[in-house]
Structure formats: C-alpha cells, structure tokens
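To start, the structure under review is shown below, and the notes come after it.
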Number of protein chains: 2
Amino acid sequence: MNANYCPLDYTMNLIGTKWKPIVLFHLLEGAERSGVLQKKVPGISNKMFTQTVRELEKDGLISRKIYPVVPPKVEYALTARGKSLEAILKSLDQWGIEDKKAF
Amino acid sequence: MNANYCPLDYTMNLIGTKWKPIVLFHLLEGAERSGVLQKKVPGISNKMFTQTVRELEKDGLISRKIYPVVPPKVEYALTARGKSLEAILKSLDQWGIEDKKAF
DNA sequence: CGGCATCCAGGTTGATACTG
DNA sequence: CAGTATCAACCTGGATGCCG
C-alpha cells in the first residue's frame, strides 16, 4: 500500500482545500478583523469561513486574538508557521496569473 | 459577494485535490507506465487514479500515450503546462520536509 | 458582531465485479 | 494490464436560525 510517500501530501493536508489558501493569502498583508477577512473571500459562507479559520488555528498556521469589547472583535493573523508558506502562496498566485495569459 | 478574487484560486482548482499533486510530482521524474505510476501513489484506489489522470489530461497538464500492444500499455507524462508546475510542486514537497522537522 | 447548531442536498470516494 | 460500471457510504458545503 505504501510505496512512495512524499511530504507534498503532508503539505496538501494542511492547505489543500478550497478556502484555506485564499484565507492565508489575504492574511499575508497583515492581521485582519474577522468580518473584513471574510468579505475578502468571494463566495464563502459563514459556516465555511468559521470552519476554515478553526482548522487553520488548530494547525498553528494562524492565530486568533479576541478583544473583550462590545461589539465583539476578533482578529486573525499568520503565525510564524503560517508566514513560512508565503513563498508557496505567492507562487500559486503567480502561476495562476501566468497560466491565464498562456491559455 | 465578489470582493477580492485572486488567481491562487484558479491554480487550486487545477491541482488542489487529494491526489493530483502527488501524481504530478511523481511524473516530474519522467513518463511512467500507468500501473507503475499508480503504485507510487500510496492508498489511491483504481477508480480514483483513473479519474485523477483523466482530469489532469483534460486540463492539459499531462499527456496520455497508448501503445497498441498486448497486454495494453499506457504511459503518462507531463505536458509543457504540467512541467511549469515543477517549482510549485517541489516547494510544496520541500515545505513538508522542513515543517516536519520543526513540529 | 462573531460564530455555533441543525438540517439536508449533492458531490466524492471505495469496494467489487466486469470488459477489451 | 488498463480501464469502466455500479452502488452504498461518507463528506462537503449551503441555508437558516439562535446564542453570547
């Protein structure tokens, strides 16, 4: 069964979903408030947004900071581990730009 | 709804699945015969393998060469478009290696 | 405002058996 | 050997409504 495991699989299990890369990508510019961040992700439902940031937090790729104010305020930011994905995220984005030109 | 589209999404729609990156990665080393290639992907079922290479072919990332012999022989190889993903695939793999060291 | 719980439709996946 | 067909099980994601 296990003929040729490759770490690529490990990476994809962390970020290889529909929404995770997009959320991470937008956080490259800096911390964002929850609602603002969500609006930057076209088409995501509230449920999927919550689910996505929860998993990213659990995996230590982003941090969640809660401000005890009214109305509630929550900010998300990349952790060091999350920032280490910067090159990959930008490559993915760049490839998309180049590929669209060619095809 | 559409606040901030990014090409990263476009890229992920092409390769952002469980099996596609792994298949592509193994093809970086050169063309492979179908059965051999499948054995290199741990845990994939025959059905998913076929489905995956079909989609990759449809998207022009790999080519499929059929040898009219008995028993049947089919080889898959990266197209130019597929090869252009090399840097990304290796980055993903490399990140997985580095990350495992750290965590 | 942030985000969780519930329901449920649709797509995805795996096991198995079969064709050329 | 390469690939397809079928079916059931599982998972995903969206809509809605409620809570702190």
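Here is how names work: the chains are called A, B, and so on, in the same order as the sequence lines, proteins then strands, and each is numbered from 1.
If A:Gln51 and B:Ile66 are placed on DNA chain D by their nearest nucleotide, the residue sitting closer to the 5' end is B:Ile66. Residue B:Asn46 is the one, among B:Asn46 and A:Ser45, whose nearest nucleotide of DNA chain D lies closer to the 5' end (criterion: closest heavy atom).
Among the protein residues, A:Tyr67 comes within range of no part of the nucleic acid, since none of its heavy atoms lies under 4.0 Å from any strand. Backbone-only contact: A:Thr50 has heavy atoms under 4.0 Å from sugar-phosphate atoms and none from a base.
Under the 4.5 Å side-chain heavy-atom criterion for Ile, Leu, Val, Met, Phe, Trp and Tyr, A:Tyr67 and A:Tyr76 are members of distinct hydrophobic clusters. B:Leu56 and B:Leu28 fall within the same hydrophobic cluster, where Ile, Leu, Val, Met, Phe, Trp and Tyr residues are linked whenever their side-chain heavy atoms come under 4.5 Å apart, directly or through other members.
Side-chain contact between A:Gln38 and A:Glu32: absent, with no pair of heavy atoms (C-beta onward) separated by less than 4.5 Å. A heavy-atom distance below 4.5 Å is not found between the side chains of A:Val53 and A:Arg64.
As a whole-Å value, the separation of A:Lys47 NZ from D:dG13 P is 9 Å. Between A:Lys58 atom NZ and C:dG3 atom P the separation is 17 Å, expressed in whole Å. In this entry the distance linking CE of A:Met48 with P of D:dC11 reads 14 Å, nearest Å. Rounded to whole angstrom, the span from the NZ atom of A:Lys18 across to the P atom of C:dG11 amounts to 14 Å. Atom CG of B:Leu37 is separated from atom C1' of D:dG3 by 14 Å (rounded to the nearest Å). Note: CD (B:Glu55) to P (D:dT4) measures 13 Å, nearest angstrom. Whole-Å rounding puts the B:Lys73 NZ to C:dG20 C1' distance at 19 Å. Atom CD in B:Glu75 sits about 12 Å away from atom P in D:dG3, given to the nearest Å.
Side chain of A:Trp19, nearest nucleotide from C:dG2, D:dG14, C:dG14: D:dG14. For A:Pro72, the side-chain atoms get nearest to D:dG20 when compared with the rest of D:dC7, D:dG20, D:dA15.
Within the structure, side chain to side chain donor-acceptor pair (under 3.5 Å) contacts touching residues 7-18 of chain B (residues at least two apart or in different chains) are A:Asp99-B:Tyr10, B:Tyr10-B:Arg81.
Contact annotation: A:Arg33 does not reach the phosphate of C:dC1 (side-chain N/O to OP1 or OP2, under 4.0 Å). Within the 4.0 Å cut-off from OP1 or OP2 of D:dG3, at least one side-chain nitrogen or oxygen of B:Ser34 is found. Taking side-chain N and O atoms only, B:Arg64 has no distance below 4.0 Å to OP1 or OP2 of D:dA2. For the pair A:Tyr76 and C:dG2, the criterion of a side-chain N or O lying under 4.0 Å from OP1 or OP2 is not met. Residue A:Arg54 has a polar side-chain atom (N or O) positioned under 4.0 Å from OP1 or OP2 of C:dC4.
A salt bridge links A:Lys101 with A:Glu98: at least one charged nitrogen is closer than 4.0 Å to a carboxylate oxygen. Ion pairing between a basic and an acidic side chain is recognised when a charged N comes within 4.0 Å of a carboxylate O; A:Lys58 and A:Glu55 show no such pairing.
Between the side chain of A:Ser91 and the backbone N or O of B:Ile88 there is no donor-acceptor pair closer than 3.5 Å.
Note that the two end axes of the helix from C:dC1-D:dG20 to C:dG20-D:dC1 enclose an angle of 50°, each drawn from 5 base pairs, rounded to 10 degrees.
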